[in-house]
Amino acid sequence: MRVVLNPVTRISGFMEIDAAIDNSIVTDARTQGMLFRGFEKMLVGRSPFDAVYFTQRICGICSTAHSVASTLALENAMGIVVSQQGRYLRDIIHGCEFLQNHIRHFYQYTAPDFIKLPEGKTLFETDHNDFRLPKQKNDQIVRHYFDSLEYSRSAHEMLAILGGKAPHNHGVFIGGITTQATPEKIEQLCSLLQNIRQFICNKMIPDAYAIADYYKEYFEIGRGYGNLLSFGCFNGYEKLGTLYVDPLTYSNGNILPLNSEEITENIHSAWYIAKSETYTPFQTIPEPDVKKSDAYSWVKAPRYRGFPFEVGPLARMWLCGEYRNGISTMDRTLARVLEAKKITDILLTLLNNLMPGISVQEEYEIPQSAYGAGLIDTTRGALGHWIKIEDSVISSYQIITPSAWNLSSRSQDDLPGPGEEAMIGTIINNTDSPVELGRIIRSFDPCVSCATHVYSEGNLIKTIQVMP
Amino acid sequence: MNQTNNSCPNFSMRLETASVLVHKAIKAVNQKSIEKRSLIWLELTGCSGNIISLLDGADPDFKSLATQMVNLIYDNSLMVSEGEAAMERLFSVIGDDYILAVEGAVSTKDNGLYNIIGRRKGQPITAYEAIKVFGEKAASVIAVGTCASDGGISAARPNPAQCVGVQNLLNRKVIKLPGCPCHPDWFMGTLAYILLFGEPELDAKQRPLMFYSSLIHDICPRRPYFDQGIFASKLGEKGCMFKLGCRGPVTRVDCSIRKWNGRVNWPIGDDSPCIGCAMFGFPDKMEPFISYGTT
């Protein structure tokens, strides 16, 4: 039979899961984005400087990620080398977004799959009854669900101290950030950070392990390919070296340096046309074509050396060697909460190395013609922006988001995307409420707002039906 | 230049507006002097950043909204239920009293197929259809953020998904809270006012005057620089950022006193120009966001 899940709630954006189930086992699964916005088209003809604030509006929960990637692409195009203080300031802003995101993802998006929220509130009503934690433990995590609001909010407050506001910050810009650190700001940041860190260490990490204890089979469910990739982040500082992870990949038991020249996108199963089905980011921006036959999704297929790769906190924690328990639904969640703690360590180091009163801004000139790439690991994984400038305006803008890697469609080889692969083979206990599918896909922290896909009329006729 | 102009009692009082209204509304609900009403929050074609901004509200916070002030029936980002069961909960309000909050624009291309918000009885529900069904029947409609108010960045040229603001599709009054994102105080204060007293006083563009009555430029802490002709030539300089493209002179909203995220900062306090994100016509009419030597 076929199970269609839409909306997949507690993610950012709109998504459908379409799974074929035979004898209670998922035999095929497809992930589809349900929202098209077309930012790449909108950016053409605009001022290159505007990309920084413009692309943030792709996503409300990870807007800083886009400001960082677009700034890196601009700096690359303009040949600007950023000072170390500029990098520290910018990376602190970026780190605050990791904290905001991870706290919200764990408590507001993930935890309700495993704990029962207060009854009598429509927002908190559930569709299944697979809640296994003892009442006392369950209710403690429920309290933390609400307590966490203060700490994710504090992370955005930290972000705003250097970035002006959140979501959609004004601080990240060419050269580092727009403003300067002051002793007062550094003090304020350290104080907020200590409180967030305590919450992560004393509440969030124990809560994640408590859930893991009662749902042990999720260490076996949702493995996927086990191909991991990172563009690197909080790395390669002149004085501090690498505080987190360098650009690396993992497959077949080998960790290798990333070669960004081997990144391609493929549109074989996606409703796009281009001169070639496979292209590198600078080569082409494919045109939408809703009538393309044999396509099933508007999600393109990013590939590394031709293969699907998983990106995100587990990939980073694995690649830097700090988490090697396994690759699964529960491992993704544990790696995410452990990464949150790691980020607080990194932020403390960066804050301790900040020099107040240094302006990193210049009067910048838009080049007549240039191109550049900005590759950076963000909350959800590897994010790339590729910009081309002609006649001093944007002539082409390519964005490959982390969720495009994780929710990718299939190329000529018909290999499922990482999220699809993770669902295939799963045993579904009750097909009327296939809670397993949502749990697996949420472990990737999908952001469909970012994936900017289209949905076509040609693919709408799918209801629950029994296969022969 | 980061201090609030709090020497003026009018400004400091205005900062309390949202908090006072919400606490009053919660008290009234608890005392049963007003009814606890249903709220639906629809996320349409946008970044879902307004619900994230709402979670950033501190006093009052999201918990008091969701557990004390209203019955929050539906929101895609926070709803525990999923799939058709979630859609059934959404549709259960039809025929009853409810207030509708919408974030995101409405994609109209190909009958709205560029944004499907869920599936009901196997059939896809487009954002376009949802706004028609729930917008016409709601007791009040609040457009939260610039996309819902006027299309916003989702309708930026060449407007690939043919997005429009909520008002374009509804023959009724829509209260508009533009801002990218909407400040949590603007939404919480407006909602509490509606619960307590009905519709707040609005300007000609249906923005509540309690939040949208002042021009950023008029109460900007850098206004003295402008008056004396001292202009910043690059970001980070202490001076009026008019020549860097600041849209404070045309942007009507209270960021200069309210500030963001626990009132710690705001764009101009961050040495960057206002980009007019709360203005109708954003972004196309507000660009370029940053330019050097604007005259």
Side-chain angles (χ1 to χ4, degrees), chain A residues 4-10 12-14 34-38 41-42 46-47 49-50 53-54 57-61 63 108 112 117 122-127 146 149 152-153 156-157 160-161 163-168 170-171 173 178-180 359 361-363 438 449 454-455 457 460 463-464, chain B residues 45 47-49 52-53 55-56 58 61-63 66-67 71-73 75-83 85-86 89 110 113-119 122 124 153-154 156-158 160-161 180-181 233-236 260-262 264-267 269-272 275 283 287-290 292:
Chain A
V4 178
L5 199 58
N6 181 9
V8 180
T9 49
R10 287 176 283 117
S12 192
F14 302 90
M34 311 300 284
L35 170 67
F36 170 80
R37 298 177 76 198
K41 275 184 176 300
M42 292 175 189
R46 293 182 197 268
S47 163
F49 294 156
D50 286 3
Y53 294 164
F54 200 99
R57 268 88 187 165
I58 291 170
C59 180
I61 197 166
S63 49
Q108 276 73 47
L117 287 165
T122 312
L123 192 73
F124 299 149
E125 283 171 10
T126 63
D127 313 323
F146 291 110
L149 294 169
S152 54
R153 189 164 71 219
H156 258 174
E157 192 174 323
I161 287 170
K165 76 188 234 290
H168 307 331
H170 271 235
F173 198 65
T178 55
T179 192
Q180 307 171 14
S359 170
Q361 284 302 311
E362 301 293 330
E363 199 176 323
S449 312
V454 184
Y455 192 74
E457 197 167 15
L460 289 179
T463 48
I464 294 179
Chain B
T45 304
C47 70
S48 296
I52 295 297
S53 182
L55 292 178
D56 284 339
D61 70 352
F62 174 77
K63 186 186 176 185
T67 61
N71 293 316
L72 185 47
I73 302 290
D75 169 62
N76 189 72
S77 288
L78 298 168
M79 192 90 184
V80 171
S81 179
E82 62 187 11
R89 290 187 168 90
D110 294 335
L113 285 170
Y114 284 62
N115 186 188
I116 310 285
I117 66 159
R119 214 175 251 280
I153 207 145
S154 298
R157 74 164 165 71
C180 191
S233 60
K234 61 177 186 180
L235 299 170
W260 288 80
N261 307 92
V264 292
N265 208 349
W266 68 303
D270 207 46
D271 291 336
S272 70
I275 61 171
E287 284 186 283
F289 296 147
I290 290 176
Y292 298 90

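Because the structure is a prediction, the values reported are computed rather than measured. The sequence lines fix the lettering, A, B, ..., with proteins before strands; numbering per chain opens at 1. Computed over heavy atoms, backbone and side chain alike; hydrogens, waters and symmetry mates excluded.
- Expressed to the nearest 0.5 Å, how far CD of A:E157 lies from CH2 of B:W260 amounts to 14.0 Å.
- Within the 4.5 angstrom heavy-atom criterion, atoms from both the backbone and the side chain of A:H156 approach chain B.
- Ring planes of B:Y292 and A:F49: perpendicular class, angle over 60° (limits at 30 and 60°).
- Atoms CZ and OG, on A:R153 and B:S53 in that order, are 12.0 Å from each other to the nearest 0.5 Å.
- If you tally non-hydrogen atom pairs under 4.5 Å between each of A:N6, A:L149, A:T179 and chain B, the highest count goes to A:N6.
- Rounding to the nearest 0.5 angstrom, the gap separating the CD1 atom in B:I290 from the CG atom in A:D50 is 7.5 Å.
- Taking CG of B:L78 as the start and CG of A:L117 as the end, the distance is 10.5 Å to the nearest 0.5 Å.
- The shortest distance between side-chain heavy atoms of A:R57 and B:S154 does not fall below 4.5 Å.
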Working for side chain to side chain contact (heavy atoms under 4.5 Å, CB included), residues A:S47 and B:F289: CA-CA 8 Å; A:S47 163; B:F289 296 147; over 6 Å; no

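- The two residues B:C180 and A:K165 have their closest heavy-atom pair at O-NZ, 2.9 Å.
- With contacts defined as side-chain heavy-atom distances shorter than 4.5 Å, the pair B:D61/A:F146 does not qualify.
- Summarising the geometry of A:G13 relative to B:N76, their closest heavy-atom pair is O-ND2, 3.1 Å, with the distance given to 0.1 Å.
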Test salt bridge (Lys or Arg N to Asp or Glu O under 4.0 Å) applied to B:R89 and A:D127, step by step: CA-CA 11 Å; B:R89 290 187 168 90; A:D127 313 323; 2.9 Å; yes

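- Without hydrogens or angle criteria, B:K234 side chain to A:Q361 main chain gives a donor-acceptor distance under 3.5 Å.
- Ranking B:G236, B:G262, B:A156, B:A85 against chain A, the residue ahead of the rest is B:A156, based on heavy-atom pairs under 4.5 Å.
- B:R119 contributes no side-chain N or O that, together with a main-chain N or O of A:L5, makes up a donor-acceptor pair within less than 3.5 Å.
- Within the 4.5 angstrom heavy-atom criterion, atoms from both the backbone and the side chain of B:D56 approach chain A.
- How far CD1 of B:I116 is from CZ of A:F14: 10.5 Å, rounded to the nearest 0.5 Å.
- With B:N261 contributing its side chain and A:A166 its backbone, the two residues share a donor-acceptor pair below 3.5 Å.
- Two residues are said to be in side-chain contact when any heavy atoms from C-beta on lie closer than 4.5 Å; B:P160 and A:K41 meet this criterion.
- If you measure heavy-atom distances from A:F173 to chain B, the contacts under 4.5 Å come from the side chain alone.
- Counting only distance, with no hydrogens or angles, the side chain of A:T178 and the backbone of B:D270 share a donor-acceptor pair below 3.5 Å.
- Side-chain contact between A:R46 and B:E287 is present, with at least one heavy-atom pair separated by less than 4.5 Å.
- Chain A forms more heavy-atom pairs under 4.5 Å with one residue of B:A66, B:A161, B:P181, B:S48 than with any other, namely B:P181.
- Residues B:I73 and A:L123 are not in side-chain contact: their nearest non-hydrogen atoms beyond the backbone lie 4.5 Å or more apart.
- Side chains of A:R10 and B:S77 form no contact here, defined as non-hydrogen atoms less than 4.5 Å apart.
- With contacts defined as side-chain heavy-atom distances shorter than 4.5 Å, the pair B:C47/A:R37 qualifies.
- Using a distance-only test at 3.5 Å, with no hydrogens or angles considered, no donor-acceptor pair links the side chain of B:S81 to the main chain of A:T126.
- Contact annotation: the side chain of B:S272 approaches that of A:Y53 to within less than 4.5 Å [non-hydrogen atoms, C-beta and beyond].
- Note that CD of A:Q180 and CG of B:D271 are 7.0 Å apart. Values are rounded to the nearest 0.5 Å.
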